[in-house]
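Since the structure comes first, as structure tokens, the remarks are kept for the end.
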2 protein chains.
Amino acid sequence: MTEVVTDGRGDTRARVERAALELFSRDGYEQVTSDEVADAAGISRRTFFRHFPTKADAVWGDFHAHVVRLDELLTAGDGDQHVLASICAAYVQVNDYAEDELPLLRQRMRLILTEPALLAHSQTRYADVDRVVAEHVARRTGAAAGSLVPRLVAATTRAAATTAFQTWLADETVSLAVALHEAFDELAGGFPALEGPPG
Amino acid sequence: MTEVVTDGRGDTRARVERAALELFSRDGYEQVTSDEVADAAGISRRTFFRHFPTKADAVWGDFHAHVVRLDELLTAGDGDQHVLASICAAYVQVNDYAEDELPLLRQRMRLILTEPALLAHSQTRYADVDRVVAEHVARRTGAAAGSLVPRLVAATTRAAATTAFQTWLADETVSLAVALHEAFDELAGGFPALEGPPG
DNA sequence: TTGCCGGTGGCACCCGGTGCCACTAGCGTT
DNA sequence: AACGCTAGTGGCACCGGGTGCCACCGGCAA
């Protein structure tokens, strides 16, 4: 059933991912079993877990490629730029999606930031991002990658990026790039918005 | 077996927690089954899951009380203080442990920050912290708690606190309070350490 | 045809977590 | 003493995520 005969061109992987995104968005992550996702994609449960190590990973697309690209952007970046600016620029470029990819991205990010289990899982994926950013800061400052400042910059910039994604999700009008810049500007400036907006 | 007759004074809950901490530290979180923890504490697996909703929760002690205390400290805090300073002070006070509690705290935090599954789970617990801090910032600034700045401040200060815990774990000589202040100072000052320590 | 190999499916199993029921220990009531 | 209530417990069966193992099928080279 579900016409497995179709396609052949598109990887099964992409098909599974779409099915997962659709079902999770419709019924909630916890309510959908891996069996159901596999069925919807026309494969067996066992095969599902060959393509994705975890039910949660079906949502993430090729995230590893993003991390690699972020790393490349950071190492190749302008050395005269402020460190935070270079990180912001890299985040913006990695998240520079074409217009027609945005709906998928929204669906993806809404799940990740909304579903508790996926939010928890995200920590696992973001650990790679933090490592890459911390190493960049370490190169730029001469500090050890495991010391306070590189770790701190990596952790806080990722927090800023995540927050930017949240506001982007909540407000359709702002672009992702703008949201990222707003967040990074606050961060780099020591949170000027906290200096009493009334007087 | 295992002399269940003993105690009666100490909650079983505390006994289970100690057993969990010990076994997880010794053999690794994933290697220890909930059955083994229950056995070591002299209770059944079923009862274990009545005391802790999750295997991971056995590590967290009475974390909810900490969140409540953080909330109280924030709402009762000095209104003239800089917002970031008030958050820093609250974090420091909540984490003001007696000398003899530090080994337990180290064990706890090392597990949480080291074991991938526990790190992922921590996101779930820290969500409460973020909410409390965001509401504090919202009160102080007049912004909506769901808007950019409160969210951003909550997320980045928590990232700073977590980073402080990491450096505290790695270096026995620095106190937790000092580590927290260092991290918050960098954050509040827009990362002065990034302004080229060489020249 | 033979042999190899990557992708697949089925099966049994482990483990975390839950619903249900039965049991016990207390404790106040009559 | 018998009753009933309640809190804490243990056992059991079940679900769902994840894995190891084996068997199968397809393509492809020798």
Side-chain angles (χ1 to χ4, degrees), chain A residues 1-17 19-21 23-24 26-60 111-112 115-125, chain B residues 1-17 19-21 23-24 26-60 111-112 115-125:
Chain A
M1 40 214 77
T2 67
E3 300 305 302
V4 188
V5 192
T6 59
D7 89 290
R9 35 141 183 63
D11 309 84
T12 63
R13 186 185 163 93
R15 205 174 61 242
V16 176
E17 198 187 320
L21 245 30
L23 289 179
F24 293 164
R26 182 158 65 87
D27 300 337
Y29 177 75
E30 311 256 17
Q31 275 59 52
V32 181
T33 69
S34 51
D35 262 302
E36 293 171 316
V37 176
D39 273 12
I43 58 171
S44 77
R45 174 179 143 77
R46 189 66 188 85
T47 299
F48 172 87
F49 281 113
R50 276 206 196 84
H51 285 284
F52 301 98
T54 288
K55 184 187 169 191
D57 283 303
V59 167
W60 284 82
L111 280 170
I112 291 174
E115 292 280 355
L118 289 176
L119 186 61
H121 176 81
S122 73
Q123 199 70 17
T124 302
R125 307 303 300 260
Chain B
M1 37 217 78
T2 67
E3 300 304 303
V4 188
V5 192
T6 58
D7 90 289
R9 33 137 185 66
D11 309 84
T12 62
R13 187 186 162 92
R15 205 174 60 244
V16 176
E17 197 186 321
L21 245 28
L23 289 178
F24 294 163
R26 182 158 64 87
D27 300 336
Y29 178 75
E30 311 256 19
Q31 276 59 53
V32 181
T33 70
S34 51
D35 262 301
E36 293 171 315
V37 176
D39 273 10
I43 59 171
S44 76
R45 171 179 144 75
R46 189 65 188 84
T47 300
F48 171 88
F49 281 113
R50 276 205 197 84
H51 286 283
F52 301 98
T54 288
K55 183 186 169 191
D57 283 302
V59 166
W60 284 82
L111 280 170
I112 291 173
E115 292 279 355
L118 289 176
L119 185 62
H121 176 80
S122 72
Q123 198 70 19
T124 303
R125 308 302 301 258

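Note on naming: letters A, B, ... go to the chains in the order of the sequence lines (proteins, then strands), and numbering restarts at 1 for each one. Bear in mind the structure is a predicted one, so any value in this text is a computation, not a measurement. The analysis underlying the following values was restricted to heavy atoms, covering all of them including side chains, and did not include hydrogens, waters or symmetry mates.
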A/T33 vs D/dG16: side-chain N/O to OP1/OP2 distance below 4.0 Å: no

Let me know the distance between CG of B/D35 and C1' of C/dC13, rounded to the nearest Å. 15 Å

Return the value, rounded to whole Å, for the distance between atom CD of B/E30 and atom P of D/dG18. 11 Å

Selection from D/dG11, C/dG10, C/dG17 that lies nearest to any side-chain heavy atom of B/R50: D/dG11

Between C/dG16 (P) and B/H121 (NE2): distance, integer Å: 14 Å

Look at all strands and tell whether B/V37 reaches a base, only sugar-phosphate, or nothing, counting heavy atoms closer than 4.0 Å. nothing

Closest to the side chain of A/F49, out of C/dG19, C/dG9, D/dG18, is D/dG18

Heavy-atom closest pair (B/R13 atom, B/H51 atom, distance to 0.1 Å) is NH1-O, 3.1 Å

Under the 6.0 Å and 45° cation-pi test, does A/K55 pair with A/Y29? yes

Between C/dG16 and B/S34, is there an OP1 or OP2 to side-chain N/O distance shorter than 4.0 Å? yes

Take the protein atom CZ of B/F52 and the nucleotide atom P of D/dG8, then report the distance between them rounded to whole Å. 14 Å

Here the distance between atom P of D/dG17 and atom CZ of A/R46, to the nearest Å, is 14 Å

Is B/T47 near enough to D/dG10 that one of its side-chain N or O atoms lies under 4.0 angstrom from OP1 or OP2? yes

When the distance from CG of A/D11 to C1' of C/dG7 is rounded to whole Å, what number comes out? 13 Å

For C/dT8 and A/H51 - does any side-chain N or O of the residue sit under 4.0 Å from the phosphate oxygens OP1/OP2? yes

Is the shortest side-chain N/O distance from A/T12 to OP1 or OP2 of C/dG7 below 4.0 Å? no

In whole angstrom, give the distance that lies between atom CD of B/Q31 and atom P of D/dT19. 13 Å

Derivation and outcome, salt bridge (charged side-chain N to carboxylate O under 4.0 Å, His left out), residues B/R125 and B/D57: CA-CA 9 Å; B/R125 308 302 301 258; B/D57 283 302; 2.6 Å; yes

Separation of D/dG18 P from A/R45 CZ (nearest whole Å): 9 Å

Nearest-nucleotide pick for B/K55, side chain only, options being C/dT18, C/dG10, C/dG17: C/dG17

